[in-house]
Visitor: 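Structure in structure tokens, see below.
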Amino acid sequence: MSESTSSTLQYRFDGPEEAPVLVLGPSLGTTWHMFDRQVPELVRQWRVLRFDLPGHGGAPAHPAGSVAELATRLLATLDGLGVQRFGYAGCALGGAVGVELALRHPERLASLALVAASPRFGTPDEFRQRGVIVRTNGLDPIARSAPDRWFTGGFAAAQPAITEWAVQMVRTTDPGCYIAACEALAAFDVRAELGRIGVPTLVLVGSEDQVTGPAEARTLVAGIRDARLAVVPGASHLVPVEQPAAVTDLLVRHFSTAWQQPFDTGQTALPAAAAPVPQPPAAPAPVAVPAAPPRTAPVAEIAAAEPPQPVAPPDRYETGLKIRREVLGDAHVEGVLARADEFSGDFEELVTRYAWGEVWDRPGLDRKSRSCVTLTALVAGGHLEDLAVHTRAALRNGLTPQEIKEVLLQAAVYCGVPAANSAFRVAQRVIREETTPAE
């Protein structure tokens, strides 16, 4: 069944209506079909709900700009279906949604499995650069390289039909939704919050995964209190597709033995730092899922609410540093700051605090507009080195090469043809570097 509003997700149900619900979340660029090989076994015990990310698999193209927004849409979908409590297994971006649910809505989760997941996916620069590639070239370069990221070489060579299926799955995704999902992953970083996850968690990873491999999986296990690790030999990133039997067996065993009972809904919520301990159910479920022995509910005093504290003004340097990194990229900013010394350090602080923390943070213009203004000013001043830096920034801020060309043509009229002539050479070189897919 498909949902067409921007507040919900496209989904399908499989399995008996009276069974407990198990939700499966896909990775970026895939559809719910990535779990096709797991469903026949899972529906023996659970009612399986699979969903598509926005713009994936023919789902309505309503981009979601954050992992939190994807989790909110999933909960709205489940609320509409009357599903309050569920198990959840998600792959990569789908796993990030599971982490978000465990952190912000633990009362809804009975158990969690994170497949090919990470508390932080690469670096923000990597995903924003991928967005630049898609905005300029469409999804074809990403689609053609997907099998190399998702499968081991031996599997891709032996399974050409599955390899082509993977390529077509990415090709048919809505580019705007794909770019928004890249932005969501660029901003996702929960390394400092993993200790707050209290739901029983299976962390599952392919031994050959070069995207989010065993190292990232071990970070999750080290941070989550009730977590265990399963490494699947001979599998890369899309491990449910490459090793379906092993993944199915691991999911069945985990959700059959680690299905946490509901919280006492009449009890005041515990502080976020405390691990919620479930109570035994008031009555047996219609279809019982084997669970760990019931544990005793905590006896806790709820502290009186503290009087509101005055809100401190924002630290303009930290705000500016964050925006400067987002616009110019971590590598560029780290290089600039590393070169700063006793003579230039104060100037770099001034630029970070006032140019980036004050002006670039003002709400009056969006970042695309600020990039247009900045490019024009740099052309007028003949600042070609900074023009190269800000051409890259403009691409990251969402300007297309065609739009940058229009800015420079406008600048030629008002700033002079010689200045624009030099600017075109600089911008052309930068655009070629930034938008050519890596081999």
Side-chain angles (χ1 to χ4, degrees), residues 1-13 21-35 48-81 83-109 112-122 124 127-128 130-131 134 139 142 169-170 173-191 193-194 197 199 201 211-212 220 237-238 240:
M1 179 177 179
S2 296
E3 294 287 347
S4 59
T5 69
S6 61
S7 62
T8 54
L9 298 171
Q10 176 170 284
Y11 69 92
R12 66 170 290 166
F13 261 133
V21 172
L22 177 60
V23 178
L24 303 181
S27 64
L28 174 62
T30 72
T31 71
W32 62 41
H33 290 294
M34 68 166 288
F35 291 109
V48 176
L49 183 143
R50 289 179 283 172
F51 66 88
D52 276 329
L53 298 166
H56 292 57
H62 301 300
S66 68
V67 173
E69 185 176 349
L70 287 171
T72 298
R73 292 191 194 182
L74 175 58
L75 289 178
T77 305
L78 294 169
D79 289 344
L81 296 168
V83 176
Q84 290 302 307
R85 192 162 171 81
F86 53 91
Y88 183 91
C91 182
L93 177 52
V97 173
V99 172
E100 181 71 19
L101 292 170
L103 287 170
R104 320 298 172 208
H105 306 279
E107 74 284 354
R108 303 291 292 269
L109 280 183
L112 176 65
L114 304 176
V115 182
S118 176
R120 183 193 187 198
F121 291 81
F127 282 100
R128 293 195 173 101
R130 194 185 297 187
V134 174
L139 275 165
I142 304 296
M169 196 161 43
V170 180
T173 299
D174 176 77
C177 289
Y178 190 96
I179 292 169
C182 287
E183 290 291 332
L185 286 172
F188 182 77
D189 187 352
V190 294
R191 289 172 293 176
E193 299 181 79
L194 292 177
I197 297 177
V199 65
T201 303
V211 181
T212 49
L220 287 169
H237 190 58
L238 224 57

Visitor: Quick one: closest heavy-atom pair of Ala186 and Phe127, and the distance?
Guide: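 Reported closest heavy-atom pair: CB-CB, 4.0 Å.
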
Visitor: Which atoms form the tightest heavy-atom contact between Arg50 and Trp32, and what is the distance?
Guide: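 Scanning both residues, the minimum pair turns out to be NH1-O, 3.2 Å.
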
Visitor: Is it true that a side-chain atom of Ser27 and a backbone atom of Ala92 form a donor plus acceptor pair closer than 3.5 Å?
Guide: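 Not confirmed, Ser27 side chain does not pair with Ala92 backbone.
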
Visitor: Could you report the tightest heavy-atom contact between Ala184 and Val67, atom names first, then the distance?
Guide: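 The pair with the smallest heavy-atom distance is CB-N, 3.8 Å.
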
Visitor: What distance do Leu24 atom CG and Phe86 atom CZ have between them, rounded to the nearest 0.5 Å?
Guide: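 Spacing of CG (Leu24) from CZ (Phe86) equals 12.0 Å.
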
Visitor: Using only atom types and a distance under 3.5 Å, with no angle test, would you say the side chain of Thr8 pairs donor to acceptor with the backbone of Ala76?
Guide: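 No, the answer is negative, given that no donor and acceptor are paired below the 3.5 Å cut-off.
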
Visitor: Strictly distance-based, threshold 3.5 Å: is any side-chain N or O of Arg108 a donor or acceptor partner for the main-chain N or O of Val83?
Guide: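 Yes; at least one donor-acceptor contact below 3.5 Å.
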
Visitor: Indicate the atoms forming the closest heavy-atom contact of Val97 with Ala71, along with that distance.
Guide: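 Nearest pair, atom of Val97 first, then Ala71: CG1-CA, 4.0 Å.
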
Visitor: At their closest point, which heavy atom of Ala181 faces which heavy atom of Leu93, and how far apart are they?
Guide: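 Between these two residues, the closest heavy atoms are CB-CD2, 3.9 Å.
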
Visitor: What are the two closest non-hydrogen atoms of Val134 and Pro175, and how far apart are they?
Guide: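 So the two residues come closest at CG1-CB, 4.0 Å.
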
Visitor: If only atom types and distance count, is the side chain of Tyr11 paired as donor or acceptor with the main-chain N or O of Leu74 below 3.5 Å?
Guide: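 Side chain of Tyr11 to backbone of Leu74: no pair is present.
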
Visitor: With side chain to side chain contact (heavy atoms under 4.5 Å, CB included) as the criterion, how do Ile197 and Leu103 come out once you've worked through the C-alpha distance, each side chain's angles and the decisive distance to 0.1 Å?
Guide: CA-CA 6 Å; Ile197 297 177; Leu103 287 170; 3.7 Å; yes

Visitor: Indicate yes or no for a side-chain donor-acceptor contact from His56 to the backbone of Thr173 under 3.5 Å, with no hydrogens or angles considered.
Guide: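 Checked: no pair found.
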
Visitor: Parallel, tilted or perpendicular, judged at 30° and 60°: which one describes the rings of Phe121 and Phe188?
Guide: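 Tilted: the ring planes of Phe121 and Phe188 meet at 30° to 60°.
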
Visitor: Does Leu70 offer a backbone N or O that forms a donor-acceptor pair with the side chain of Glu100 under 3.5 Å?
Guide: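 No.
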
Visitor: His33: which residues meet the side-chain hydrogen bond (donor to acceptor under 3.5 Å, both in side chains) condition with it, sequence neighbours left out?
Guide: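 His33: side-chain hydrogen bond (donor to acceptor under 3.5 Å, both in side chains) contacts with Asp36.
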
